[in-house]
Amino acid sequence: MQKRIDFIREIINKDMEEGRYAKVHTRFPPEPNGYLHIGHAKAICLNFEIAKEYQGKCNLRFDDTNPTKEEEEYVLAIKKDIGWLGYDWEDREYYASNYFEKLYEMAIELINKGKAYVCELTADQIREYRGTLTEPGNESPYRDRSVDENLTLFKKMRDGEYPDGTMVLRAKIDMASPNLNMRDPVIYRILHTSHHRTGDKWCIYPTYDWAHGQSDSIEGITHSICTLEFQDHRPLYNWFIEELGIHHSRQIEFARLNLTYTVMSKRMLLTLVENNYVDGWDDPRMPTLSGMRKRGYPSAAIRKFCVNIGVAKTESIVDIEFLEHFVREELNRTAERRMAVLNPLKVVIINYPEGQEEELEAINNPEDASAGTRKIPFSNVIYIEKDDFMENPIPKFYRLSLNREVRLRYAYFIKCVDIIKDENGEITELRCIYDPATKGGDAPDGRKVKATLHWVSEKHSITGEIRLYDRLFIKENPLAVPEGGDFTMNLNTDSLKTIKNCRIEPSLANPKPGIVFQFERLGYFCVAFDTKNNHPVFIRTATLKDEWERIQKRKK
RNA sequence: UGCCCGGUGGUGUAAUGGUAACACACCGGCCUUUGGAGCCGAGGUUCGAGGUUCAAAUCCUCGCCGGGCAGCCA
């Protein structure tokens with residue numbers, strides 16, 4: 001995949017030139033406490049693509065140091081999503097929990113060096129002793145315990161002799177450091193909670209800060225790429241590595257992805273799931289990879305998006321349309337075209353013999369000749385889209401109207417000669433005449449029409465359900481709320497509209513779930529996984545760009 | 001009044017002291033059997049002020065603005 005060189009690759013190039021590392025080895029380190037979202041995709045692509053470019057490797061490592069939040073369900077989902085994105089960690093599926101024993105030994109080593117101590121201050125006291133952003137902290141009264149005492153206490157912590165929260169192991173660094181992370185950070189806490197991998201083997205767990213850098217080191221990671229908020233932790237990780245005298249990875253921080261009309265925090269996504277604002281983590285409206293997969297987004301589009309947004313340290317918000325652009329670009333190339341009418345309006349062609357029918361040839365994908373053609377049945381009663389007719393056409397509307405001629409795609413020119421209404425004045429049917437000479441859609445006399453409509457033959461069509469998904473939030477920044485409000489007040493209450501009786505061309509009677517089609521002039525639609533035989537269900541993946549909609553919007 | 005990071009069109013990313021580039025969006029036009037796709041064109045002097053230099057988005061100084069950090073979360 002072609003990409004411009006970014007600051008991360010620049011650093012790596014320099015490291016390689018200077019011989020700092022013999023090869024490049026990266027890793028993607030998710031915490032299994034939620035599903036992966038598009039922001040994670042950025043990190044996944046970065047790490048795996050860099051490994052590929054430098055003929056190195058990229059590990060998958062679960063950062064599972066907090067058993068109170070992590071679950072097996074999430075590790076399964078995460079692996080599935082990374083695989084779907086197209087990346088392979090081969091046999092390098094690691095877990096921070098694999099290193100618990102090693103990490104424990106490292107802690108002992110620190111204690112032996114007089115660089116760690118068991119502290120019995122409560123959580124609240126630790127906070128008070130830490131000082132503030134502008135004032136230095138105070139040293140814990142337990143800071144100067146003997147090595148032996150620390151060793152004994154730490155062993156007893158491990159043996160389960162103390163309840164949760166009674167003591168912790170802390171690194172002994174500098175309570176006056178301007179970097180709060182260096183003010184004797186906690187590296188082990190007591191948690192009598194069973195872990196999804198280690199079960200009840202442990203009742204003390206390393207903190208992320210203690211586990212992360214050393215896990216990278218153990219795996220021989222050369223370039224540890226993470227998000228901006230860990231910049232302030234880097235000195236701490238370096239301190240650990242140096243005290244322990246182990247392999248030193250270079251940490252490089254980049255800005256996480258933000259998208260308009262989207263929330264990206266796992267906490268908020270969990271809120272949406274738990275309060276049933278959406279139908280699970282994989283709801284097609286979610287920014288999760290599983291949601292996007294269900295929505296019909298091709299993984300290639302997501303990859304391309306991730307490459308094209310670039311990487312930098314500037315915090316930014318990418319327009320969701322940029323993602324949609326790559327989805328459309330990919331689908332335009334790959335999706336076969338079909339015809340479906342969402343809001344059917346009956347059209348009777350009065351000069352086409354009743355009972356007669358014929359098959360017309362249609363191109364499956366104008367962008368890909370190898371996709372071939374298919375036959376579409378035609379008869380005297382068809383359906384067109386309600387929106388494609390206007391009794392009193394406004395300027396620039398050049399679809400069907402009384403006495404106006406348009407083309408039915410791949411079929412004939414038709415001209416509307418009569419409008420039938422019900423007692424409420426609603427249009428229920430159109431009467432048209434067709435020109436037999438225009439079969440296929442071209443007029444031998446060279447006359448032109450301004451519009452081409454999609455259509456479906458009444459007696460041949462099948463009915464189906466179509467789910468129209470829209471963005472989940474009404475505000476570009478869902479987090480912008482008045483005092484006391486929260487992001488859920490910016491939820492789009494109309495983000496899902498279900499249309500039951502759509503008319504769909506017969507070739508779509510038994511489509512394969514997951515496949516995406518373009519319904520001509522409407523958009524891309526993905527076959528839903530709960531679709532049933534002869535009653536297909538489609539999910540709208542994305543609309544087509546709509547010039548007519550833009551014209552109307554502009555007038556407002 | 002602490003420490004760390006950042007500031008280039010509407011958005012995102014380039015330009016690594018030498019004519020501010022690319023993509024998306026937007027606007028205008030062409031083309032079109034999808035008002036799709038495609039094609040062509042318009043729009044910025046780089047947060048501000050000084051300084052260094054023949055030459056500054058880039059280097060220096062001082063401001064301004066934005067973000068992160070006071071979990072036994074990651």
Side-chain angles (χ1 to χ4, degrees), chain A residues 3-6 10 29-31 33 63 65-66 68-70 119 121-123 126-128 130-137 164-170 177-183 185-191 204-205 207-209 211-212 226-235 253 255 257 260 266-267 308-319 321-326 328-329 332-333 337 339 362-363 366-367 396-399 407-411 413 438 440-443 448-454 518-523 543-551 554:
Chain A
K3 56 184 73 95
R4 281 189 296 261
I5 187 123
D6 51 65
E10 248 166 46
E31 183 191 12
N33 69 338
D63 255 322
T65 54
N66 184 357
T68 65
K69 293 188 176 166
E70 297 147 5
C119 181
L121 253 24
T122 65
I126 287 180
R127 188 180 323 118
E128 283 161 25
R130 187 154 31 226
T132 67
L133 294 176
T134 51
E135 302 157 48
D164 289 5
T166 52
M167 46 182 81
V168 294
L169 184 69
R170 292 227 251 170
S177 173
N179 181 344
L180 304 232
N181 296 119
M182 303 298 271
R183 320 242 264 225
V186 170
I187 60 177
Y188 267 96
R189 27 21 162 163
I190 301 172
L191 246 30
I204 57 171
Y205 291 95
T207 57
Y208 173 86
D209 279 345
H212 194 79
C226 64
T227 45
L228 254 26
E229 68 270 29
F230 294 106
Q231 279 176 118
D232 291 342
H233 296 241
R234 190 168 12 128
E253 309 87 6
L257 171 67
T260 56
K266 280 196 222 170
R267 197 201 92 234
N308 280 281
I309 50 177
V311 204
K313 301 188 78 160
T314 321
E315 301 190 52
S316 57
I317 305 172
V318 176
D319 199 327
E321 302 227 16
F322 198 49
L323 206 210
E324 290 167 357
H325 161 76
F326 289 104
R328 289 193 183 101
E329 183 186 72
N332 177 51
R333 279 181 36 238
R337 318 284 127 129
M339 291 204 282
I363 293 166
E367 307 291 324
K396 295 206 171 157
F397 179 88
Y398 49 80
R399 275 111 94 146
R407 170 169 40 234
L408 294 178
R409 179 138 234 226
Y410 299 124
F413 283 13
T438 58
D442 276 313
K448 302 280 184 205
V449 288
K450 295 197 82 171
T452 300
L453 309 186
H454 61 278
Q518 183 196 105
F519 289 168
E520 297 221 19
R521 302 209 305 135
L522 297 175
T543 59
L544 247 26
K545 290 220 271 180
D546 191 341
E547 179 74 20
W548 173 235
E549 188 183 58
R550 206 184 317 158
I551 289 167
R554 213 179 302 159

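Letters go in sequence order (proteins before strands), and every chain restarts at 1. Because the structure is predicted, anything quoted here is derived from the model rather than measured.
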Quiz item: Looking only at heavy atoms, what is the nearest atom pair of A:T132 and A:R183, with distance?
Solution: O-NH2, 2.7 Å
Quiz item: Do A:P366 and A:R337 have side chains that get closer than 4.5 Å, going by heavy atoms?
Solution: yes
Self-check item: Closest to side chain of A:E315, choosing from B:U13, B:G67, B:A37
Solution: B:G67
Quiz item: For A:K545 and B:A25, is the shortest distance between a side-chain N/O and OP1 or OP2 below 4.0 Å?
Solution: yes
Quiz item: Considering only side-chain heavy atoms of A:E367, which listed nucleotide, B:C26, B:U1, B:A37, is closest?
Solution: B:A37
Quiz item: P atom, B:U46 versus B:U11: distance in rounded Å?
Solution: 16 Å
Quiz item: How do A:D442 and A:E321 order along RNA chain B: which one's closest nucleotide is nearer the 5' end?
Solution: A:E321
Self-check item: Pairwise C1' distance for B:G7 and B:A57, with rounding to whole Å
Solution: 11 Å
Practice problem: Measure from the side-chain heavy atoms of A:T314 and tell me the nearest of B:G36, B:U8, B:G2. | Solution: B:U8
Quiz item: Which part of the nucleic acid does A:K396 contact within heavy-atom distance under 4.0 Å: base, sugar-phosphate only, or nothing?
Solution: base
Self-check item: Whole angstrom value for the distance that separates C1' of B:A14 from NZ of A:K313
Solution: 18 Å
Quiz prompt | Gap between atoms CD1 and P, on A:I363 and B:U32 respectively (whole Å) | solution = 16 Å
Quiz item: For the residue pair A:F326 and A:F322, does the interplanar ring angle fall in the parallel (under 30°), tilted (30 to 60°) or perpendicular (over 60°) class?
Solution: perpendicular
Exercise. Evaluate the ring planes of A:H212 and A:F230, with Trp represented by its six-membered ring, and classify them as parallel (under 30°), tilted (30 to 60°) or perpendicular (over 60°).
Key: parallel
Quiz item: Any side-chain N or O of A:T260 under 4.0 Å from OP1/OP2 of B:U11?
Solution: no
Exercise. Indicate yes or no for a side-chain donor-acceptor contact from A:R130 to the backbone of A:G137 under 3.5 Å, with no hydrogens or angles considered.
Key: no
Exercise. Report the residue (A:E549 or A:A255) whose heavy-atom-nearest nucleotide on RNA chain B is the more 5′ of the two.
Key: A:A255
Self-check item: Distance in angstrom units between A:W548 CH2 and B:G35 P, rounded
Solution: 12 Å
Practice problem: Could you state the atom-to-atom distance from CG of A:N332 to P of B:A37 in whole Å? | Solution: 7 Å
Quiz prompt | Under 4.0 angstrom between A:R409 side-chain N/O and B:G36 OP1 or OP2 | solution = no
Quiz prompt | Whole-Å C1' distance, B:A70 and B:G2 | solution = 11 Å
Quiz prompt | Length of the line joining A:D319:CG and B:U13:C1', which is rounded to integer Å | solution = 14 Å
Quiz item: For the side chain of A:R554, counting heavy atoms from C-beta on, which of B:G28, B:C24, B:G36 is nearest?
Solution: B:G28
Quiz item: Has the side chain of A:Q518 got a donor or acceptor atom sitting under 3.5 Å from an opposite partner on the base of B:U34?
Solution: yes
Exercise. Please state the C1' separation for the pair B:G71 and B:U58 - nearest whole angstrom.
Key: 40 Å
Quiz item: Does A:R328 have a side-chain nitrogen or oxygen under 4.0 Å from the phosphate oxygens OP1 or OP2 of B:G36?
Solution: no
Self-check item: Spacing between A:L228 atom CG and B:G68 atom P, to the nearest angstrom
Solution: 10 Å
Quiz prompt | Interatomic distance at P, B:C69 relative to B:G63, whole Å | solution = 25 Å
Quiz item: Between B:U53 and B:C60, how far is it from one C1' atom to the other, in whole Å?
Solution: 12 Å
Quiz prompt | base_contact_polar (B:G35 base, A:R399 side chain, donor-acceptor, <3.5 Å) | solution = yes
Exercise. Check step by step if salt bridge (charged side-chain N to carboxylate O under 4.0 Å, His left out) holds for A:E31 and A:K69.
Key: CA-CA 9 Å; A:E31 183 191 12; A:K69 293 188 176 166; over 6 Å; no
Quiz item: Could you write out RNA chain B as a dot-bracket string, with dots for unpaired bases, | for bases paired across to another strand, and Watson-Crick or G-U pairs counted at under 3.5 Å?
Solution: .((((((..((((....[..))))..((((.......)))).....(((((..]....))))))))))).....
Exercise. Determine the interatomic distance between C1' on B:G9 and the same-named atom on B:C47; round to the nearest Å.
Key: 14 Å
Practice problem: Nearest whole angstrom, please: distance from the C1' of B:C22 to the NE2 of A:H325. | Solution: 12 Å
Quiz prompt | Sub-4.5 Å side-chain heavy-atom contact between A:T122 and A:E128 | solution = no
Quiz item: Taking protein heavy atoms under 4.0 Å as touching, what does nucleotides 69-74 of chain B look like 5' to 3' if B marks base contact, S marks sugar-phosphate-only contact and - marks none?
Solution: BBSBSB
Quiz item: Do A:E253 and A:E229 come close enough that some side-chain heavy atom pair is under 4.5 Å?
Solution: no
Exercise. With C1' as the reference atom in both, quote the distance from B:U45 to B:U32 in angstrom, rounded to an integer.
Key: 39 Å
Quiz prompt | Separation of atom CG in A:D546 from atom P in B:A25, rounded to whole Å | solution = 14 Å
Practice problem: Using only heavy-atom distances, determine whether the side chains of A:T207 and A:D209 contain a donor-acceptor pair under 3.5 Å. | Solution: no
Quiz item: Is B:G71 syn or is it anti, if syn means the base angle is within 90 degrees of 0?
Solution: syn
